[in-house]
Amino acid sequence: MTHAPQRFAFRLLATDGMARRGEITTPHGLVRTPAFMPVGTQATVKAMYTDQVRALGADVVLGNTYHLMLRPGAERVARLGGLHHFMQWPHTILTDSGGFQVMSLAQLRKLDETGVRFQSHIDGQKYHLTPERSVEIQGLLGSDIQMQLDECIALPAPEQEVQRAMELSLRWAERSRAKFEAMGGVEKGQGLYGIVQGGDVPHLRVRSAESLAAMPFEGYSVGGLAVGEPQEVMLRMLEVTTPAMPVDKPRYLMGVGTPEDILESVARGIDQFDCVMPTRAGRHGLAFTRRGKINLKNARHADDPRPLDEESECPAARQYSRAYLHHLVKAGEGLAAMLLTWNNLAYYQQLMQGMRESIEAGRFQDYRASVKEGWA
Ligand SMILES: COC(=O)c1ccc(CCNc2nc3cc4nc(N)[nH]c(=O)c4cc3[nH]2)cc1
């Protein structure tokens, strides 16, 4: 009998108010929570080497079913040894299921009870993504933490629209779970997360969370947010949703967010985050620092010899002058994206490490206040 891999597990190590310090065990290692997951959509965290991403303290990166099914193809990645080997990232990988990306990227998409039909934004090829096919793709990729296929609608939306999409997502949750178990995901130690929907309608959020809690998911995502709603609406939805979610399972807020969003969401009981913000903003000349954001495109940096943050451990923040970074950005040099992405991911991981330590010490509110003071 081959040695049975350890089952997926979540341990709650400490709490401080609604803030939680935990750790997730997956087939590729430990994930320290609260965790920020750098986005690696097309099997790469753009402008970064995987060793660099790891050195910053990231335990998990995010991949996208939608992009990888179109190119290079899930079966091809499986033939080549799976996504961990393909991209040389031997730690935990979480994959999104494709629902959100199809609605924001694909052409000619038609959604019905079976799933979503669409044409590739790359070559126009036709696809039919179902809850079962999405789980199959994530299994072919070798994803450690998989997402159900769901329908995420933009806000604001009429309540009956929100209800329809939420109820469809619940039916797709059942089908995703059945496929995941049929593929032996549980025995492999992988996890499948149900995704809470319900828009900005409190009673629909609670119904979605309670219905999913009755199904045996390894974790639960809060979806349908960071889709154009004001920050206070997002935070209000967390206040009604996390209390209705299982306390002993990870909670993942999808697509969030800015450093402030993350602080405020940890304070409302969220454990996992992903966002393109630090990487995409870095490629557009924006640097996140302890003193707030700096737009290196701005001419005021042209003669500034100071580094971004002389106290940072990250060489990109400590070794290079703002004048040099401004020059690279203006010149369109590739090194600009590399250094600013490196700085931004370092800042995000330092923020997460600070939150983890402060929750362990029962000082989360002090930490939250001190971080926000720095931005002022
Ligand atoms: C520079 O920064 C940026 O360009 C930028 C762009 C988009 C977002 C928001 C991303 N928001 C978001 N991602 C999401 C991904 C999701 N996946 C599934 N399966 N279901 C969801 O319900 C869902 C909701 C999301 N909301 C944040 C930042």
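Read the numbers this way: they start at 1 and go in the same order the structure lists the ligands and their atoms. For clarity, every value in this text was computed on a predicted model and none was experimentally measured.
Ring geometry for Tyr347 against Phe288 counts as parallel: the plane angle stays under 30°, on a 0 to 90° scale with 60° as the upper cut. In this pair, Tyr66 and His121 present their aromatic rings parallel. The plane angle is below 30°, not in the 30 to 60° band. Using bins of under 30°, 30° to 60° and over 60° for the plane-to-plane angle, the ring pair Phe8/Tyr193 lands in the perpendicular bin. Under the 30°/60° scheme for interplanar angles, the aromatic rings of Phe217 and Tyr220 are found to stand perpendicular.
Smallest separation of non-hydrogen atoms from Ser312 and Cys314: OG-N, 2.9 Å.
Neither the backbone nor the side chain of Ser221 has any atom closer than 4.0 Å to an atom of ligand 1 (non-hydrogen atoms only).
Using 4.0 Å as the threshold, Leu225 has a heavy atom nearer than that to some atom of ligand 1. Residue contact check for ligand 1: Gly99 places no non-hydrogen atom closer than 4.0 Å to it. In this structure, Gln197 counts as a contact residue of ligand 1, since one of its heavy atoms falls inside 4.0 Å of the ligand.
The distance from ligand 1 to the heavy atoms of Val276 drops below 4.0 Å at these ligand atoms: 2 (O), 3 (C), 4 (O), 5 (C), 6 (C), 28 (C). Proximity to Gly224 (heavy-atom distance under 4.0 Å) selects the following atoms of ligand 1: 21 (C), 22 (O), 24 (C). The contact set between ligand 1 and Ser97, taken as ligand atoms under 4.0 Å from a residue heavy atom, comprises 19 (N). In the vicinity of Ile195, heavy-atom distances shorter than 4.0 Å reach the ligand 1 atoms 19 (N).
For atom 20 (N) of ligand 1, the closest heavy atom belonging to the protein is Asp150 OD2, 2.7 Å.
In this structure a side-chain-to-backbone donor-acceptor pair under 3.5 Å is present from Asn344 to Pro278.
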